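Just below is one structure, and these are the notes that go with it.
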Number of protein chains: 2
Amino acid sequence: MPAIVSAKIENELRDGPEVSPELDALMRNARDASDFLKALSHESRLLLLCLLAERERSVTELENILSLRQASVSQQLARLRLEDLVTTRRDGKAIYYSLANDDVRRVISVIYDIFCEKDQKA
Amino acid sequence: MPAIVSAKIENELRDGPEVSPELDALMRNARDASDFLKALSHESRLLLLCLLAERERSVTELENILSLRQASVSQQLARLRLEDLVTTRRDGKAIYYSLANDDVRRVISVIYDIFCEKDQKA
DNA sequence: AATTCATATTCGCATACGATTATATATAGA
DNA sequence: TCTATATATAATCGTATGCGAATATGAATT
């Protein structure tokens with residue numbers, strides 16, 4: 001993470017109270033990032049993504065593994081779709097979900113590492 | 001991310017509807033992780049953490065840089081304290097905040113990379 | 001075309017969260 | 001001790017979010 005961020009911003013601060021272009025960009029990014037993170041920040045949705053990080057799965061599979069109600073799983077998947085965290089593929093009656101891109105995979109991987117790897121050590 | 005996760009879980013699934021110890025652990029971790037992520041998932045709090053990732057800062061500094069109201073900054077910092085994402089140090093009248101641990105730093109770093117580095121490329 | 005299985009959507013409600021305003025605490029200095 | 005400054009907390013209120021129950025869609029099978 002480069003130190004550029006606040007250096008530029010603090011320079012602009014001396015010039016006056018107007019919002020600098022750098023700060024403006026940073027704020028837009030923060031908004032995007034927080035939308036992304038809000039989609040992740042849910043117990044069930046994290047579990048869903050965790051399972052999808054291994055391979056694609058149908059909705060029914062996910063329901064069974066997590067013992068969640070159909071409507072619930074479907075709703076959380078809809079939320080994840082909305083934020084483009086997952087993609088779908090239809091095969092007959094079933095719909096298979098998988099992670100949409102590598103950004104999601106990276107974040108899930110870090111989170112998994114922080115919160116699950118500790119179990120291995122203990 | 002090891003494939004162990006669902007392998008074990010799916011084995012247990014065949015034995016019956018009881019919640020397996022592995023799934024149980026995974027669910028506890030998911031709860032912890034989602035609490036952690038919920039604390040991050042907020043535009044202002046992300047910006048705060050981003051600034052603190054560079055160095056410690058006083059509340060007033062943070063207010064000025066982000067042009068946010070005092071109460072707002074203080075409340076968001078309180079939220080971050082609650083989840084142990086930041087620590088504080090008092091120096092005279094001022095209170096200096098900084099990131100509490102390396103886990104936060106890692107996550108912020110990935111998020112910064114995904115949502116801010118793209119600006120450099122463009 | 002009727003039924004079934006898989007998935008999605010809608011509705012109503014309760015709860016959580018954030019912004020604002022006001023007030024409180026704590027430290028420093030006169 | 002009185003005042004000013006820095007920070008924290010509380011109260012209110014509007015909005016968003018998740019859950020449960022019910023209903024809808026859509027593909028496959030008879």
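Bear in mind that the values here come from a model prediction, so they are computed numbers and not experimental data. Numbers restart at 1 for each chain; the letters A, B, ... are given by sequence-line order, proteins then strands.
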CG of D91(A) versus C1' of dG26(D): gap in Å, rounded?
15 Å
Please work out which residues in residues 36-47 of chain A have a non-hydrogen atom less than 4.0 Å from an atom of DNA chain D and list them by number.
H42(A), R45(A)
Minimum heavy-atom distance S34(A)-R31(A), with the two atoms named
OG-O, 3.1 Å
If a protein heavy atom is under 4.0 Å from the base, mark B; if only from the sugar-phosphate, S; if neither, -; do that for nucleotides 2-16 of chain D going 5' to 3'.
---BSBBBB------
Between R90(A) (side chain) and G92(A) (backbone), is there a donor-acceptor pair under 3.5 Å?
yes
Without decimals, in angstroms, what is the distance between R69(A) CZ and dT7(C) P?
18 Å
Are E63(A) and L68(A) packed together at the side-chain level, in the sense that at least one heavy-atom pair is separated by less than 4.5 angstrom?
no
Look at D24(B) together with R28(B) and state whether they make a salt bridge at an N to O cut-off of under 4.0 Å.
yes
Between P of dA19(C) and CZ of R79(B), the distance in whole Å:
12 Å
Length of the line joining R31(A):CZ and dG18(C):C1', which is rounded to integer Å:
13 Å
Does any pair with a residue in residues 68-78 of chain A pass side chain to side chain donor-acceptor pair (under 3.5 Å), and if so which ones, sequence neighbours excluded?
R45(A)-Q76(A)
Are L48(A) and V86(A) close enough that some pair of their side-chain heavy atoms sits under 4.5 Å apart?
no
CD of E83(B) versus C1' of dC17(C): gap in Å, rounded?
14 Å
For the residue pair R106(A) and V110(A), establish whether any side-chain heavy-atom pair is separated by less than 4.5 Å.
no
So, taking the atom named CG in N29(B) and the one named CD1 in I114(A), what distance separates them when rounded to the nearest 0.5 Å?
12.0 Å
